[in-house]
Amino acid sequence: MFSDLNVFKTAYAMATHAGQRQAVISRNMANADTPGYKPRDIEAFQTKFENTGREVAMTATRAGHLHGDPHQQPWAEYTTTETGDPNGNGVSLEEEMLKAVEVKRQHDRALAIYKSSIGVLRTSLGRA
């Protein structure tokens, strides 16, 4: 009956993307005063998810954790356009803070989709 619930896979992928992007943004903010540091970002969830037909496997933080691949990184990082700072650092804290807010909203949206889908599933099973 419920053999392939893609909404859960999509919500998981969206939350994973938000987590990875938050890590990249945090790294940018931590290096805001590092001379010569180039800010990084990852591609948007929508473009990557539309262009891939493969499943996103779980990622582990260490070997054996959740039976995942500790070296997998489903979303590739790239160097963003930099601002003209005299020391060669291209990080704009204001832009990074706006990106962090956007990522929080994406993560909250993924959790809301997941919770709503669980509610629909429970209701359909008569366990509301």
Side-chain angles (χ1 to χ4, degrees):
M1 182 175 179
F2 300 111
S3 60
D4 192 20
L5 300 173
N6 287 330
V7 69
F8 292 109
K9 292 177 187 176
T10 304
Y12 171 78
M14 185 183 284
T16 303
H17 178 269
Q20 184 179 346
R21 187 161 186 227
Q22 184 63 43
V24 171
I25 291 168
S26 298
R27 202 172 333 129
N28 287 345
M29 292 176 84
N31 288 297
D33 289 333
T34 305
Y37 182 81
K38 307 291 185 223
R40 311 220 9 114
D41 203 351
I42 60 176
E43 60 187 326
F45 174 76
Q46 181 178 356
T47 58
K48 180 66 174 182
F49 199 71
E50 286 175 349
N51 296 333
T52 180
R54 65 178 177 85
E55 289 186 26
V56 178
M58 291 195 299
T59 304
T61 55
R62 61 182 182 275
H65 182 234
L66 298 174
H67 304 290
D69 181 6
H71 302 292
Q72 181 191 17
Q73 189 172 6
W75 292 278
E77 291 184 26
Y78 63 91
T79 304
T80 62
T81 57
E82 55 186 73
T83 58
D85 197 271
N87 69 357
N89 186 306
V91 177
S92 167
L93 287 176
E94 293 83 7
E95 288 179 21
E96 298 303 318
M97 289 173 62
L98 290 173
K99 289 179 189 177
V101 170
E102 178 185 333
V103 168
K104 183 189 180 320
R105 288 181 180 160
Q106 178 184 348
H107 191 265
D108 290 346
R109 188 178 314 119
L111 292 179
I113 291 168
Y114 185 80
K115 287 178 184 179
S116 176
S117 299
I118 287 289
V120 168
L121 191 60
R122 284 185 177 159
T123 302
S124 69
L125 294 173
R127 299 181 184 171

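Between D41 and R21 the shortest heavy-atom distance is OD1-NE, 2.8 Å. Annotation for A110 and A15: closest pair CB-N, 3.7 Å, computed over non-hydrogen atoms. In terms of heavy-atom proximity, Q106 sits nearest to M14 at NE2-O, 3.3 Å. Taking both residues in full, the closest heavy atoms of F45 and T10 are given as CZ-O, 4.0 Å, listed atom of the first, atom of the second, then distance. In this structure, N28 and P39 approach most closely via the heavy-atom pair OD1-CA, 3.6 Å.
Within the 4.5 Å cutoff, the side chain of R122 has no heavy atoms near those of the L125 side chain. When side chains are defined from C-beta on, V91 does not count as touching M29, because their heavy atoms never get closer than 4.5 Å.
We find the CZ-CG distance between R40 and N31 to be 11.5 Å, quoted to the nearest 0.5 Å. The structure places OH of Y12 at 15.5 Å from CD1 of I113, a figure rounded to the nearest 0.5 Å.
Tested against R105 for a side chain to side chain contact (heavy atoms under 4.5 Å, CB included), the candidates V101, D108, V103 yield a single pass: V101.
Tracing side-chain contacts under 4.5 Å through hydrophobic residues (I, L, V, M, F, W, Y), one never reaches I25 starting from L98; they form parts of separate clusters. Follow the hydrophobic side-chain contacts under 4.5 Å out from I118 and you reach V7 in the same cluster.
Of the charged side-chain nitrogens involved, none lies within less than 4.0 Å of a carboxylate oxygen, so that E102 and K99 do not count as a salt-bridged pair.
For residues 87-111, the set of pairs meeting the ring pair (Phe, Tyr, Trp, His ring centres under 6.0 Å) definition, not counting sequence neighbours, is empty.
The backbone N or O of E43 sits less than 3.5 Å from a side-chain atom of H17, completing a donor-acceptor pair. The main-chain N or O of G119 is found under 3.5 Å from a side-chain atom of T123 such that the two form a donor-acceptor pair. A donor-acceptor pair is defined here as one N or O able to donate and one able to accept, closer than 3.5 Å; such a pair exists between the side chain of S124 and the backbone of L121.
Few gaps surround CZ on F8; more than 12 heavy atoms of other groups in view lie less than 6.0 Å from it.
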